[in-house]
Amino acid sequence: MRIPPTDSPRPTVSADPTPPADQSDQAAVRFAKLQQIEALGVDPWGQRFDGHTPVAAVRELPCETFDSGTTGPTVRIAGRVVGKRDKGKIFFLDVWDQTGKIQVMLGAKQIGDLGWKLLNLTDLGDLIGIEGEFGKTKLGEPTVRAATFTYLTKSLEPHPTNYYGLADEETRLRKRYLDLIYTSDTLRRAHQRVKILRTIRNHLDSQGFLEVETPVLQAVASGAAARPFDTHHNALDIPLVLRIALELPLKRLLVGGIEKVYEIGRVFRNEGISHKHNPEFTMLELYSAYGDLFSIMDLTENLLVACVDAIGPSSFVERTEKYKNDKGEEQERTIRTPSFEVLGPRTIPWGDKQVNFTPPFQRAKYGDLFCQHVGCDMQDRAAVKAKASEFKVPDKLHDEKTKTSVEKEHDVLVNDLFSEVVEPHLVGPVFVYDYPAAICPLTKRKPSEPHIAERFELYVHGMELANAYTELNDPITQEATFRKQLAGQSEEDSMAKLDDDFIRALRHGMPPAGGLGIGIDRLVMLLTNTPTIRDVILFPLLRPEGK
RNA sequence: GAGUCGGUAGCUCAGCUGGUAGAGCAGCAGACUUUUAAUCUGCGGGUCCUGGGUUCGAUCCCCAGCCGACUCACCA
């Protein structure tokens, strides 16, 4: 951060000095203007400003051209100066608030002596309040013709002024406040994210689900396979971890009689960062007593369709078009069309692809897809091994620390092959169900086929959007799967972290139930056509800036 | 973790074979009461990411590091 020059003493308020500022240092120039505003007896940091109307709402008001003889409505607006056109004794400012942008016209005679002085001390990025008549200029531009000018806050740092806005990815992430102002998609995504979350909550609440909050600080990182963040409680002097999943506490609530329960919460995984991974992210998990994976499948489908319907109207397809400007020069512009109009109802763009969420979604058995794409029965151990080497999927797990290799368990190898060979073909949305049991330690087995777990995942363009089970409620089997370390999985990769209290809870009787997990960030990415998780999270984790 | 690319003025970028850097916008001074990516005249502004090395001389070449992006690996 740039600090105002401390060696130049602040002038006393009485004088009307022009503090010597290095005119090449924009921050110093702005600080000098700040002092001049103070010298005029005006608070450069502003005060309460009541009764202002959002810019978008002002633009909706009926209005006439200013010299038509009729007087337009008087409005008050507050916002940031993002454009300045100085015409001598008249200024045009573009004022931006989170709803939009509007032109303000300020004449020397109209806003008075003090107002005119303040206007001349106004920079791009300052916050101002305007009261005036709303109408149109000769050229038809909706405009507020200022009667009063109120200083609301000085910006001591210069703002990005390039027409094309912020381009540097790092600046966009580190200075998200600027990104929100100068990259319109950032604000749009923030709104769409909330809309999705609200839709999910409304949908579940209306079906009798109870939203709860469970502890972030836990003694055991359970419910998923991931390395946790370690922390420590001082007063109790015990190690704690930040949760990596929501599952086990919510299932305890099933035991406690909350038949339909969900949580939307932050989980933390101490792993790599990529365009699909942030160390903290938001999960939805829900549990519904007396259901199973197929009841959850229906629920998931309805839930997603509700989200798509909520988001669809603000989803756009972009294309560039060439046109000739006033001077006859050929230029390009981007045209945005509502995607529902172009692609059809419930179809949204995803990069150069699209996704059609019209129900019913496709449903396919894991084993059938495996057979179709890999080319052998997933139960056939010898054939799977042969296919693994054909597709160059290693059948051993190498442990770097002990320098040893272990043969992967059959189901682990099957799953690796599925990820490698089948997933890329899953355009979706498609429910893949009936998973190999060994990789699903929290899932109920099919009574008729104990090697199959009653689990589904929802895939869209190779991305896993949802994961659901018929929940395992048999404490004896659950304890056994927890204790069994899968060959071919490292301990860190394993979900098999024993939680004695959870087993005890199951022993008191958890109803048969269906459960669902959805990564909210990935869902928002997909529905808002955002290729990176960093842009659906306002403040993604970045390495601290080195000094 | 590996590879590739990038980091130059407040912002967006250019900079050829190595000779200490330019543009537009922004800023400063001036003109203009209907402009709208305003226009016109003039001016100022750089730790060329950091540290080493090679060289008479490095923004440029070499090495190391920092930060970011992308691809891959990892990943419920």
Side-chain angles (χ1 to χ4, degrees), chain A residues 2 18 21-30 32-33 65-67 82-94 101-111 116 123-125 135-143 145 155-175 178 182 223-227 244-245 247 267 269-279 281 283 285 325 331 400 415 419 435 439-443 455 457 463-469 489-490 492-495 517-519 522 531-532 534 542-547:
Chain A
R2 206 183 295 259
T18 311
D22 177 359
Q23 54 142 306
S24 64
D25 183 343
Q26 298 196 37
V29 167
R30 282 164 182 260
K33 289 179 182 170
T65 307
F66 284 124
D67 47 16
V82 295
K84 190 165 89 170
R85 291 175 294 283
D86 166 4
K87 274 281 296 170
K89 291 287 182 291
I90 186 169
F91 273 56
F92 293 91
L93 301 181
D94 294 326
K101 212 193 293 188
I102 196 164
Q103 174 169 274
V104 175
M105 179 164 63
L106 306 101
K109 282 188 183 144
Q110 288 76 19
I111 61 169
W116 187 248
D123 288 305
L124 296 178
K136 277 184 187 160
T137 60
K138 270 183 202 163
L139 296 175
E141 178 73 18
T143 299
R145 191 160 61 176
S155 168
L156 286 176
E157 293 289 331
H159 284 229
T161 55
N162 188 274
Y163 176 65
Y164 303 98
L166 272 175
D168 183 56
E169 195 67 21
E170 193 173 348
T171 309
R172 286 191 52 227
L173 300 175
R174 291 198 192 278
K175 301 184 179 171
L178 294 181
Y182 298 102
R227 200 184 308 180
I244 57 173
E247 182 147 356
V267 297
R269 298 188 182 177
N270 205 341
E271 291 170 349
I273 298 175
S274 79
H275 67 106
K276 275 157 82 180
H277 301 262
N278 195 59
F281 60 101
M283 288 272 297
E285 288 198 27
N325 66 7
Q331 292 190 314
E400 282 298 323
N415 197 46
S419 304
Y435 273 64
I439 59 166
C440 313
L442 294 158
T443 311
R455 168 184 182 179
E457 289 199 1
M463 193 152 74
E464 307 158 24
L465 213 55
N467 183 20
Y469 319 139
Q489 281 190 333
S490 67
E492 267 164 7
D493 290 342
S494 173
M495 276 191 273
I518 291 181
R522 300 246 178 113
T532 149
R534 284 183 295 267
L542 295 180
R543 206 179 279 272
E545 275 178 291
K547 267 282 167 260

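To find a chain, count down the sequence lines: A is the first, B the second, and so on, and within it residues start at 1. Please read these numbers as outputs of a predicted model, since none were measured by experiment.
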**OP:** Determine yes or no for a side-chain-to-main-chain donor-acceptor pair under 3.5 angstrom, with A/Ser419 supplying the side chain and A/Asn415 the backbone.
**Re:** yes
**OP:** Starting at the 5' end of nucleotides 28-35 of chain B, put B wherever the base has a protein heavy atom under 4.0 Å, S where only the sugar-phosphate does, and a dash everywhere else.
**Re:** B---BBBB
Original post:
Looking at CG of A/Asp123 and NZ of A/Lys33, how far apart are the two atoms once the value is rounded to the nearest 0.5 Å?
Top reply: 3.0 Å
**OP:** Please give the nucleotide sitting opposite B/U71 as a Watson-Crick or G-U wobble pair, both distances under 3.5 Å, or none.
**Re:** B/A2
Original post:
Checking all strands, does A/Arg30 fall into the base, sugar-phosphate, or nothing category for heavy-atom contacts under 4.0 angstrom?
Top reply: nothing
Distances under 3.5 Å between protein N/O atoms and the N/O atoms of nucleotides 70-73 of chain B, please, pair by pair.
| residue | atom | partner | partner atom | Å |
| --- | --- | --- | --- | --- |
| B/C70 | OP1 | A/Arg534 | NH2 | 3.0 |
| B/C70 | OP2 | A/Arg534 | NH2 | 2.8 |

**OP:** Both distances under 3.5 Å, Watson-Crick or G-U wobble: report the partner of B/A64, or none.
**Re:** B/U50
**OP:** List in chain and number order the residues that pass side chain to side chain contact (heavy atoms under 4.5 Å, CB included) with A/Asn467, two or more places apart in sequence or in another chain; answer none if no residue qualifies.
**Re:** A/Arg455, A/Glu457, A/Tyr469
Subject >> B/U20 glycosidic torsion: syn (within 90° of 0) vs anti >> reply: syn
Subject >> Assigned partner base of B/G44, Watson-Crick or wobble definition, under 3.5 Å >> reply: none
**OP:** Decide yes or no for A/Gln110 and A/Leu106: does some side-chain heavy atom of the first lie under 4.5 Å from some side-chain heavy atom of the second?
**Re:** no
**OP:** Taking ring pair (Phe, Tyr, Trp, His ring centres under 6.0 Å) as the test, write out the residues that go with A/Tyr182, two or more places apart.
**Re:** A/His159
Subject >> Main-chain N/O of A/Asp67 paired with A/Thr65 side-chain donor or acceptor, under 3.5 Å >> reply: no
Could you pull out the protein-nucleic contacts involving nucleotides 12-14 of chain B (nitrogen or oxygen on both sides, under 3.5 Å)?
| residue | atom | partner | partner atom | Å |
| --- | --- | --- | --- | --- |
| B/U12 | OP1 | A/Ala167 | N | 3.1 |
| B/U12 | OP1 | A/Asp168 | N | 3.0 |
| B/U12 | O4' | A/Asn162 | ND2 | 3.3 |

Original post:
Are any of the side-chain heavy atoms of A/Met463 and A/Arg522 separated by less than 4.5 Å?
Top reply: yes
Original post:
Using the P atom in both, what is the distance from B/U50 to B/U55, to the nearest Å?
Top reply: 23 Å
Subject >> C1' gap between B/C16 and B/C40, integer Å >> reply: 34 Å
Original post:
Rounding to a whole Å, what distance do you find between A/Leu465:CG and B/C75:P?
Top reply: 21 Å
**OP:** Can you tell me the pairing partner of B/G18 across any strand shown, Watson-Crick or G-U wobble, with both distances under 3.5 angstrom?
**Re:** none
Original post:
Can you tell me if NZ on A/Lys175 sees more than 12 non-hydrogen neighbours from other groups inside 6.0 Å?
Top reply: no
Subject >> side-chain hydrogen bond (donor to acceptor under 3.5 Å, both in side chains) partners of A/Gln103, counting only residues at least two apart >> reply: A/Arg85, A/Thr143
Subject >> Residue A/Pro158, side-chain heavy atoms: nucleotide from B/G10, B/A26, B/A69 that is nearest >> reply: B/G10
Original post:
When you match A/Leu124 and A/Phe281 each to their closest nucleotide on RNA chain B, which lands nearer the 5' end?
Top reply: A/Leu124
Original post:
Which value, in whole Å, describes the distance between the C1' atoms of nucleotides B/C66 and B/A76?
Top reply: 34 Å
Original post:
Rounded to the nearest 0.5 Å, how far apart are CE of A/Met283 and CD of A/Glu247?
Top reply: 8.5 Å
Original post:
Does B/G10 have a Watson-Crick or wobble partner in any strand here, with both distances under 3.5 angstrom, and which is it?
Top reply: B/C25
Original post:
Out of curiosity, A/Lys101 NZ to A/Leu93 CG, how far, rounded to the nearest 0.5 Å?
Top reply: 12.5 Å
